[in-house]
Amino acid sequence: MRTVDLIRKKRNGGELTAAELTHLVEGYCNGDIPDYQAAAWAMAVYFQGQTPEETAILTELMARSGDQLDLSSIPGLKVDKHSTGGVGDKTTLIIAPLVAAAGVPVAKMSGRGLGHTGGTIDKLESIPGFKTELDREAFLAQVRQIGLAVIGQSGNMTPADKQLYALRDVTATVDSIPLIASSIMSKKIAAGADRIVLDVKVGSGAFMKTVAAAEELAEAMVAIGKQVGRSTSALISDMDQPLGYAIGNALEVEEAISTLRGEGPEDLTALCLELGAQMVVLGGKADTLAVGRALLEGLLHDGQALGKFRDFVAAQGGDPGVADTPAAILPQAASRTEVRAAAAGIIQSIDAEQLGAAAMRLGAGRATKDDAIDPAAGVVMVKKVGDAVAAGEPLAVLCHNSTGSAVAEAAELVSTSYRIGIEPPEMRPLLLSVVTSEGTRRLAKEAGK
Ligand code: URA
């Protein structure tokens with residue numbers, strides 16, 4: 001088989017067979033196929049797309065390229081959740097104990113943050129003593145015992161995706177829906193869950209800028225799940241402004257705990273209930289989304305979700321008292337600086353990406369993977385879209401240990417990310433569409449942007 005013939009076939013709109021895709025992926029990973037030929041194929045896919053069969057085959061090849069987790073020793077249907085990434089997205093911290101309290105086992109691998117979005121592992125590590133590195137046996141035993149464990153990603157999972165993603169990043173081929181879909185799903189499949197729930201974000205703080213593009217990506221991933229026997233569903237949710245109020249590691253843990261107590265922000269609570277409902281339905285613990293939502297609401301309000309979080313923190317070496325008195329246990333920033341509104345009006349929009357960048361500038365995130373982070377640093381929003389503000393009133397509070405130019409730069413980023421106007425803004429609902437193997441259902445008429 002000659003690589004050039006496969007590139008030409010794809011360039012001309014043909015469909016590659018399993019053998020041809022195996023030649024490409026394995027050949028690229030073992031060094032037989034050079035970067036320039038792999039890049040030419042990725043560009044051909046960018047322009048010609050892939051059939052659902054090609055995308056499923058590519059996904060499985062990448063999933064099988066390195067270590068895979070075998071969760072079969074854990075009884076029941078294991079359901080994983082993935083978000084395409086957003087600012088202030090602390091949903092895993094809430095949903096994992098919530099659905100575990102409903103009887104769905106969660107054996108989750110999560111990542112660290114890079115750039116303007118934070119990672120679940122960094123957030124959990126802000127809890128004193130919390131260990132995110134467990135050996136495989138301890139990880140599986142913990143899920144069998146308490147129904148829940150979250151650890152960092154193992155070094156050798158989906159190496160083919162890592163290599164191809166790095167190539168796509170420098171050849172302008174990242175934003176191809178079939179390539180994004182297979183990249184995300186390969187990691188979920190290697191992580192071993194039987195069922196997968198996806199939160200596909202749309203908006204200024206997200207990869208996908210339109211609802212139609214987000215639905216297309218979700219449909220591609222749901223189709224892969226079906227083809228490879230891992231039932232998958234997805235929710236399309238708005239990321240035109242950060243989720244909840246807190247951005248930054250310990251700050252987000254604190255907000256997650258108040259949500260687990262049933263006292264969280266409305267948007268964050270609604271999103272967690274919706275994604276959690278999809279998980280309990282796929283996990284066989286509820287017949288419909290409405291039943292699942294009601295079950296989870298009960299667990300938030302009767303203390304069982306918070307109790308599961310407490311057990312989870314204790315099992316991984318953290319101080320379980322964080323569930324009861326988070327402010328006394330989590331690291332706190334030495335200084336708080338308010339960013340005030342220059343004019344009165346109504347908040348029209350908030351640039352989520354820019355707020356994420358402000359938190360990062362204060363030390364909450366890393367620019368390169370070796371940077372240290374400050375767990376206490378971040379931004380707490382005071383105003384959100386649609387809120388009225390008086391001149392001089394705080395828009396947000398910077399929490400920082402750093403001083404000087406970093407704080408001034410973060411304040412400027414926060415201040416310019418808020419757009420204030422006179423008229424009430426048109427607000428897009430948070431929950432936009434549900435995508436399952438049965439089709440795509442719009443939840444809101446206004447979703448069509
Ligand atoms: N996230 C991924 O994991 N892969 C992509 O290709 C794009 C975003």
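Numbering of ligands and ligand atoms starts at 1, following listing order.
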### Query
How long is the span from the CG atom in Asp5 to the NE2 atom in His23, to the nearest 0.5 Å?
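Reported to 0.5 Å precision, the distance equals 9.0 Å.
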### Task
Calculate, to the nearest 0.5 Å, the distance between atoms CG and CG belonging to Asp122 and Asp374 respectively.
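The distance works out to 12.0 Å.
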Nearest protein heavy atom to [atom], by residue and atom, and its distance?
atom                   : answer
atom 8 (C) of ligand 1 : Phe207 CE1, 3.6 Å
atom 7 (C) of ligand 1 : Tyr165 CE1, 3.5 Å
atom 3 (O) of ligand 1 : Lys187 NZ, 2.6 Å
atom 1 (N) of ligand 1 : Ile184 CG1, 4.0 Å
atom 4 (N) of ligand 1 : Ser183 OG, 2.6 Å

### Query
When you check the side-chain N and O atoms of Ser349 and Gln241, is any donor under 3.5 Å from an acceptor?
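The criterion, which ignores hydrogens and geometry beyond distance, is not satisfied for Gln241 and Ser349.
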#### Entry: Asp161 bridged to Lys187 by N-O distance under 4.0 Å
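Looking at Asp161 and Lys187, the cut-off is met.
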### Message
Name the residue from Asp240, Asp89, Asp238 that meets the salt bridge (charged side-chain N to carboxylate O under 4.0 Å, His left out) definition with Lys201.
### Response
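Going through Asp240, Asp89, Asp238 one by one, the salt bridge (charged side-chain N to carboxylate O under 4.0 Å, His left out) with Lys201 is satisfied by Asp89 alone.
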